[in-house]
2 protein chains.
Amino acid sequence: MTSQRMVIAQLIHDSDDHPDVDTIYRRASEIDSSISLATIYRTVAILEEAGVVEKLDIGDGRARYEAAGEHHEHLVDVDTGDIHEFHHLELEALKERIANEMGFELVGHRLELYGRRLASSKTSKDTKAQD
Amino acid sequence: MTSQRMVIAQLIHDSDDHPDVDTIYRRASEIDSSISLATIYRTVAILEEAGVVEKLDIGDGRARYEAAGEHHEHLVDVDTGDIHEFHHLELEALKERIANEMGFELVGHRLELYGRRLASSKTSKDTKAQD
DNA sequence: CTAAATGCAAAACCTTTGCCTCAAA
DNA sequence: TTTGAGGCAAAGGTTTTGCATTTAG
């Protein structure tokens, strides 16, 4: 509705990395220098609530955000901090099945793999699992 | 080595829930009222480093700890906040395989499922997946 | 015009750290 | 005694909030 909100939503949508709030703040400031940190926090909360963005927690103590959409998982390169996305149907199904086996309906999940690049794949920076 | 450290280690080992630092602090205080919060933080960090306890992050902004040992995953009941543990070999293998497919050696992972108890299982409070 | 959103600054939370004291070996 | 651990309180980093002001509809 407001211009700030559009700037922030657009910005997250255009980001193909996984910016934390401070990064979003800095990028938003370049577009509208009057935007405040508080607005970033309030807006990402609203956007998340609305299902427009998704919060990501890779365990470094601050929230990251990405555009919502095709749900994918994240593999964090422990040496570089790079986040690689992947999508795995078998995994999706398995999570669901496990929840059901335990008597639950799966309403959400959080998964991050932490890995170190194998020597044999050092040459390919963009190896992806089935996607 | 010190009495405080033993109290804390013992306490976490005896807890079958997943206490956060403040809870550990309160429980430890009952045993030794002179223990300080700083010591809890320093000690859990050391115990984690030593592989004696494991840090758990269920996304509520504070760290929880449990005794290390058989690695299991957690399913959080979104209605009650209860944490249910499960162990699933197929999942273990799949995570490893996905990392490898992406050219990584899996060095860690984090998984939580968030679920709502199915009506059909409302009677059983202790349903477990294969374990 | 009216309600909602923003900015600013203060506060709330969890966690870490400096420094001096105390305890273990 | 000597080194490491603990207590206390202050500081750090991230996120939230109160309140007055501005903006959208």
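Remember, predicted model here, so these are calculated numbers, not experimental data. The sequence lines fix the lettering, A, B, ..., with proteins before strands; numbering per chain opens at 1.
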_Less than 4.0 angstrom between a side-chain N/O of B/Tyr41 and OP1 or OP2 of C/dT15, yes or no?_
yes
*Nearest listed nucleotide, side chain of A/Thr2, among D/dG6, C/dT15, C/dA5*: C/dA5
*Please determine, for the side chain of A/Arg62, which listed nucleotide (D/dT15, C/dT17, C/dT16) has the closest atom?*
D/dT15
*Within this structure, what is the OH-to-P distance between A/Tyr65 and D/dT14, rounded to whole angstrom?*
13 Å
*Side-chain heavy-atom pair A/Val21, A/Tyr41 within 4.5 angstrom cut-off*: yes
*Looking only at N and O atoms, is any donor in the side chain of B/Arg42 or the base of D/dG7 less than 3.5 Å from an acceptor on the other one?*
yes
*Taking atom P of D/dG6 as reference, at what distance in whole Å does atom CD1 of B/Ile31 sit?*
15 Å
*Going by heavy atoms in the side chains, are B/Leu91 and B/Glu73 under 4.5 Å from each other?*
yes
*For the side chain of A/Ala63, counting heavy atoms from C-beta on, which of D/dG6, C/dT6, D/dT15 is nearest?*
D/dT15
*For the residue pair B/His74 and B/Phe86, is the inter-centroid distance of their aromatic rings smaller than 6.0 Å?*
no
*Separation of C/dT15 P from B/Asp22 CG (nearest whole Å)*: 9 Å
*Whole-Å gap separating C1' (D/dT17) and CD1 (A/Ile46)*: 14 Å
*Rounded to the nearest angstrom, tell me the gap between atom CG in A/Asp20 and atom P in D/dT15.*
8 Å
*Tell me what B/Ser3 touches on the nucleic acid: a base, only sugar-phosphate, or nothing, going by heavy atoms under 4.0 Å.*
nothing
_Taking side chain to side chain donor-acceptor pair (under 3.5 Å) as the definition, give me every residue that meets it alongside A/Asp16, ordered by chain and number, with sequence neighbours left out._
none
*Options C/dG7, D/dC8, D/dT16, nucleotide nearest the side-chain atoms of A/Gln4*: C/dG7
*To the nearest Å, give me how far apart CG (B/Leu37) and C1' (D/dG12) are.*
16 Å
*Presence of A/Ser34 side-chain N/O under 4.0 Å of C/dG7 phosphate oxygens OP1/OP2*: yes
*Report yes or no: does B/Ser15 contribute a side-chain atom to a donor-acceptor pair with the main-chain N or O of B/Leu11 at less than 3.5 Å?*
yes
*asked:* I want to check one thing: is the phosphate of C/dA5, taken as OP1 and OP2, less than 4.0 Å away from some side-chain N or O of A/Thr43?
replied: no
*asked:* In whole Å, I'd like the distance from the CD1 atom of B/Ile35 to the P atom of C/dA23.
replied: 14 Å
*In whole angstrom, what separates A/Asp57's CG from C/dC14's P?*
15 Å
*asked:* Assuming nearest nucleotide by heavy-atom distance, tell me which of B/Val21 and A/Thr39 is located more 5' along DNA chain C.
replied: A/Thr39
_Nearest to the side chain of A/Arg5, heavy atoms from C-beta on, is which of C/dT6, C/dC8, C/dC14?_
C/dT6
